[in-house]
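Have a look at the structure below before the remarks.
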2 protein chains.
Amino acid sequence: MRSSEHGALTKNQELVYDALTDAKGPLSAYAILDGLREHGIRAPLQVYRALDKLLEFGLVHRLESLNSFVACSHPECDSRETMVFTICEKCGKVSELADKAIAGQLQSLADLDHFALKAATVELRGFCQACQTASTQ
Amino acid sequence: MRSSEHGALTKNQELVYDALTDAKGPLSAYAILDGLREHGIRAPLQVYRALDKLLEFGLVHRLESLNSFVACSHPECDSRETMVFTICEKCGKVSELADKAIAGQLQSLADLDHFALKAATVELRGFCQACQTASTQ
DNA sequence: ACGCATCTGTTATACAATAACATCGATTGC
DNA sequence: GCAATCGATGTTATTGTATAACAGATGCGT
Ligand SMILES: [Zn+2]
Ligand SMILES: [Zn+2]
Ligand SMILES: [Zn+2]
Ligand SMILES: [Zn+2]
């Protein structure tokens, strides 16, 4: 049971987390809602509250440019760390990458600007390898 | 007249662009709408259509994590270039920074993943210099 | 004039997120 | 046991963000 892996996920938190891990791709809150109606989830708030906690636990990331959420695919991912997401504009595939160099560069840039950096959103748009070879576009 | 500066902005495009340049901060589409009702703008689509064009022209940037828009403060900013935005979570101040090193690092990371990079969203959250010195938090 | 593209105006709708309030259940302290 | 408390839940209503669909207007090249 997944809750034992992460301490104490509540029923709704686990439903939402399982929906995201099963999805193999980003899901909007309302897509999650639709997928869980048969499990007793009936209102957006039930999903958003669970997502808030999962984000807090670092089990889930929010993709700002898609208004969607993904399960963290980087088991050791410290939420404090800066993650980089690639988003394929053709097939929708999302990859989560960790890169210490970029995190450091962003910190340096923030320092130059005397900006106290708390969190960073880095989302790359383009075409994944499969979609490049599949077409000449 | 601003339209002469940028070729051929239409009336609505110029209204929206002027609203953003006057604002000295990010505005949501509906905030723009409210500010332009007296100028004949009555529906969200009028704003969104103008914003789409301004984004295409590179005159405006979208802040994904705020669902808001800012006029480009970087006159020579090539829209192809990767821009970095700092967003103060206390006062809302937004700064637009250009950093070739980060753009290069992101390109390298994309290359490693065989990802054809088209555009990058980089948004840093934290506290601006003024808000740091103003409080101990 | 005609075809075509672009911009425009309007209504209605879909999608995303939060507010407000009542309830339930487990835990703590007496 | 029992009140107090805290976190999670359920529900309704509302706000905020963005697009669909359709019609009309404008400009331009032929
Ligand atoms: Zn992660
Ligand atoms: Zn792809
Ligand atoms: Zn710019
Ligand atoms: Zn500030």
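Here the structure is a predicted model, which is why all the values come from computation and not from measurement.
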Distance check needed: [N] [atom2] versus [X] [atom1], whole Å only.
X	N	atom1	atom2	result
B:Lys53	C:dT6	NZ	P	7 Å
A:Leu33	C:dA14	CG	P	16 Å
B:Ile32	D:dG16	CD1	P	15 Å
A:Leu51	C:dA16	CG	P	12 Å
A:Leu9	D:dT9	CG	C1'	16 Å
B:Asp52	D:dA18	CG	C1'	10 Å
A:Ile41	D:dG10	CD1	P	6 Å
B:Leu27	D:dG16	CG	P	15 Å

Should [X] be listed as having a side-chain N or O under 4.0 Å from OP1 or OP2 of [N]?
X	N	value
A:Thr10	D:dT9	yes
A:Asn12	D:dG10	yes
A:Tyr48	C:dA17	yes
A:Arg42	D:dG10	no
A:Gln46	D:dG10	yes
A:Ser28	C:dC15	no
B:Asn67	C:dA16	no
A:Lys11	D:dT9	no

Going by modelled atom types, is there a donor-acceptor pair between the base of D:dG7 and the side chain of A:Arg49 at under 3.5 Å?
-> no

Between the base of D:dA18 and the side chain of B:Tyr30, is there any donor-acceptor pair under 3.5 Å?
-> yes

Nearest-nucleotide wise, let me know which of B:Gln13 and A:Leu66 is further upstream toward the 5' end of DNA chain C.
-> B:Gln13

Which listed nucleotide (C:dT10, D:dA18, C:dT18) is nearest to the side chain of A:Pro44?
-> C:dT18

Which nucleotide, C:dT10, D:dA18, C:dC7, lies nearest any side-chain atom of B:Phe69?
-> D:dA18

So does B:Arg125 pair up with B:Glu123, basic N to acidic O under 4.0 Å?
-> no

Determine, for A:Lys11 against A:Glu14, whether the closest basic-nitrogen to carboxylate-oxygen distance falls under 4.0 angstrom.
-> no

Same apolar cluster: A:Met83 and B:Val122, side chain cutoff 4.5 Å | no

Establish, yes or no, whether a centroid distance under 6.0 Å links the rings of A:Phe69 and A:His61.
-> no

Hey, does the side chain of B:Glu96 reach the backbone of B:Ser73 with a donor-acceptor pair shorter than 3.5 angstrom?
-> yes

Any sub-3.5 Å donor-acceptor pair from B:Gln132's side-chain atoms to B:Phe127's backbone N or O?
-> yes

